[in-house]
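Heads up: the structure comes next, in structure tokens.
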Amino acid sequence: MKFAPSALQTADDSADTGTRQIRDALRDAIVERRLSPGTKLSESDVGNLFNVSRTLVRAALQALSYEGLVSVEKNRGAFVAYPSPEEARQIFAARRLVEPGILREAATRITPSQIWQLRHLLLEEGRLMGERGQTARRAEIKASGDFHLTLAAISGNVIMQRFMDELVARSSLVIALYGQSTISSCGHSEHGDIVAAIERNDLDEACRLMLHHIAHIEADLDLRERRGFNLKEALEL
């Protein structure tokens with residue numbers, strides 16, 4: 001015997017959907033660097049943009065804080081996270097530990113159609129590199145991260161896939177804050193070399209290339225600690 005969903009359950013489902021939509025939209029804006037570290041995320045402003053209650057906005061911001069993308073401060077509100085140099089180092093240390101294992105697992109399961117999917121991502125990434133403007137730049141950054149997320153999806157490990165979602169998102173935030181160059185945050189040619197090694201079934205080389213690739217990304221960051229100035233020093237002419 002089937003029962004129609006109650007009005008309360010329907011309302012809960014609607015609220016969950018609204019929270020996810022807000023979370024995903026804000027997450028994309030942060031990952032694609034349209035929202036800079038330190039940007040204030042006012043519950044009322046976000047609620048007005050999405051035409052939803054502050055309760056839904058608060059739930060979305062809380063979800064993003066669990067991912068390390070938003071910092072919620074008592075009596076001040078929510079801000080796009082501003083990771084410290086030490087947090088940045090830990091994020092890339094985690095990637096060095098996790099991604100070779102994901103790559104090996106993906107390589108044991110990968111199909112010809114999935115190889116084609118990776119090659120298609122590389123073509124799109126290469127095309128975007130040749131375009132100018134902020135929109136193309138944001139799309140290139142997303143395509144670059146999608147390469148790593150696709151490998152995680154191919155591995156078949158849902159837990160690792162969620163973990164990589166967070167690591168790639170937090171890496172994008174770190175790159176926005178500490179990146180020094182205007183080149184792609186993820187070397188396009190290095191992605192191609194990794195795929196070629198997977199196709200040859202040379203997994204040791206593929207893992208070595210992945211570690212080199214992650215080190216290359218981190219090397220472009222300026223993570224030096226800086227001494228703060230007092231007011232007199234800061235304003236001294």
Side-chain angles (χ1 to χ4, degrees), residues 16 19-21 23-33 60 62-70 81 83 86-122 124-125 140-176 184-188 190-221:
D16 288 344
T19 297
R20 282 196 302 273
Q21 288 174 341
R23 180 202 64 195
D24 291 348
L26 289 174
R27 192 179 193 278
D28 287 347
I30 292 169
V31 170
E32 294 171 18
R33 295 192 262 183
Q62 195 64 52
L64 289 169
S65 76
Y66 293 145
E67 294 184 46
L69 297 179
V70 165
E86 181 55 29
E87 284 178 284
R89 293 186 187 97
Q90 290 179 9
I91 288 164
F92 281 93
R95 290 188 65 168
R96 283 192 292 273
L97 288 171
V98 168
E99 291 203 62
I102 287 175
L103 189 155
R104 284 187 181 277
E105 190 64 27
T108 64
R109 300 166 56 95
I110 201 161
T111 64
S113 65
Q114 288 168 331
I115 287 286
W116 179 90
Q117 183 183 6
L118 289 172
R119 289 289 184 193
H120 180 73
L121 282 174
L122 294 181
E124 180 64 8
E125 189 181 343
E140 180 199 340
I141 291 164
K142 183 178 185 304
S144 187
D146 283 348
F147 174 83
H148 295 266
L149 297 178
T150 300
L151 279 176
I154 292 170
S155 77
N157 188 317
V158 176
I159 304 301
M160 280 299 181
Q161 190 175 349
R162 289 176 184 167
F163 192 27
M164 278 305 300
D165 279 341
E166 178 179 335
L167 284 176
V168 168
R170 295 184 73 173
S171 295
S172 295
L173 197 58
V174 165
I175 291 163
S184 172
S185 59
C186 239
H188 173 67
E190 293 171 0
H191 286 166
D193 292 341
I194 291 167
V195 173
I198 292 173
E199 285 187 288
R200 296 194 306 270
N201 201 32
D202 189 347
L203 300 192
D204 288 341
E205 176 65 2
C207 289
R208 186 193 70 78
L209 289 167
M210 179 63 82
L211 289 172
H212 171 76
H213 176 52
I214 295 167
H216 183 196
I217 302 169
E218 188 175 12
D220 188 55
L221 306 175

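Hydrogens, waters and symmetry mates are skipped; everything else that's a heavy atom, side chains included, is used.
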Between Val31 and Ser172, what is the shortest heavy-atom contact and its length? O-CB, 3.3 Å
If you compare all heavy atoms of Ala106 against all heavy atoms of Ile154, which two are closest, and at what distance to 0.1 Å? O-CG2, 3.7 Å
Atom pair CD1 (Ile91) and CD1 (Ile214), whose distance is rounded to the nearest 0.5 Å: 13.0 Å
Quick one: does Asn157's side chain get under 4.5 Å of Ile102's, heavy atoms only? no
dist Glu166:CD -> Ser171:OG (nearest 0.5 Å) comes out at 10.0 Å
Which label fits Phe147 and His191: parallel for a plane angle under 30°, tilted from 30 to 60°, or perpendicular past 60°? parallel
Considering all heavy atoms, the nearest Arg119-Gly192 contact: NH1-O, 4.2 Å
CZ/Arg162: more than 12 non-hydrogen atoms of other groups inside 6.0 Å: no
Hey, are the side chains of Arg95 and His148 touching, using non-hydrogen atoms and a 4.5 Å cut-off? yes
Set out, in order, the CA-CA distance, both residues' side-chain angles and the distance that settles side-chain contact (heavy atoms from CB on, under 4.5 Å) for Gln90 and Glu86, then state yes or no. CA-CA 6 Å; Gln90 290 179 9; Glu86 181 55 29; 3.3 Å; yes
Those residues that, when tested against Ser113, pass side chain to side chain donor-acceptor pair (under 3.5 Å) (two or more places apart): Thr111
Do NZ/NE/NH1/NH2 and the carboxylate oxygens of Glu218 and Arg96 come within less than 4.0 Å? yes
Side-chain touch Leu151/Ile198, heavy atoms, less than 4.5 angstrom: yes
With rounding to the nearest 0.5 Å, note down the distance linking CD1 in Ile194 to CD in Glu199. 13.0 Å
Using side chain to side chain donor-acceptor pair (under 3.5 Å) as the criterion, list what pairs up with Gln117, not counting sequence neighbours. none
Please report the C-alpha distance between Arg27 and Glu67 in whole Å, then the side-chain angles of each, then the deciding distance to 0.1 Å, and finally whether the side-chain contact (heavy atoms from CB on, under 4.5 Å) criterion is met. CA-CA 10 Å; Arg27 192 179 193 278; Glu67 294 184 46; 2.7 Å; yes
Spacing of Leu121 atom CG and Thr150 atom OG1 [to the nearest 0.5 Å]: 4.5 Å
From Ile175, Asp165, Leu69, residue fulfilling side chain to side chain contact (heavy atoms under 4.5 Å, CB included) relative to Arg170: Leu69
Just so I know, are the side chains of Met160 and Glu105 near enough to count as touching, which here means a heavy-atom distance under 4.5 Å? no
Review item, side-chain donor-acceptor pairs of residues 202-210, under 3.5 Å, at least two apart:
unit_1	atom_1	unit_2	atom_2	d
Asp202	OD1	Glu205	N	3.2
Asp204	OD1	Arg104	NH2	2.5
Glu205	OE1	Arg208	NE	3.0
Glu205	OE2	Arg208	NH2	2.9

To the nearest 0.5 Å, what is the distance between CG (Asp28) and CZ (Arg23)? 10.0 Å
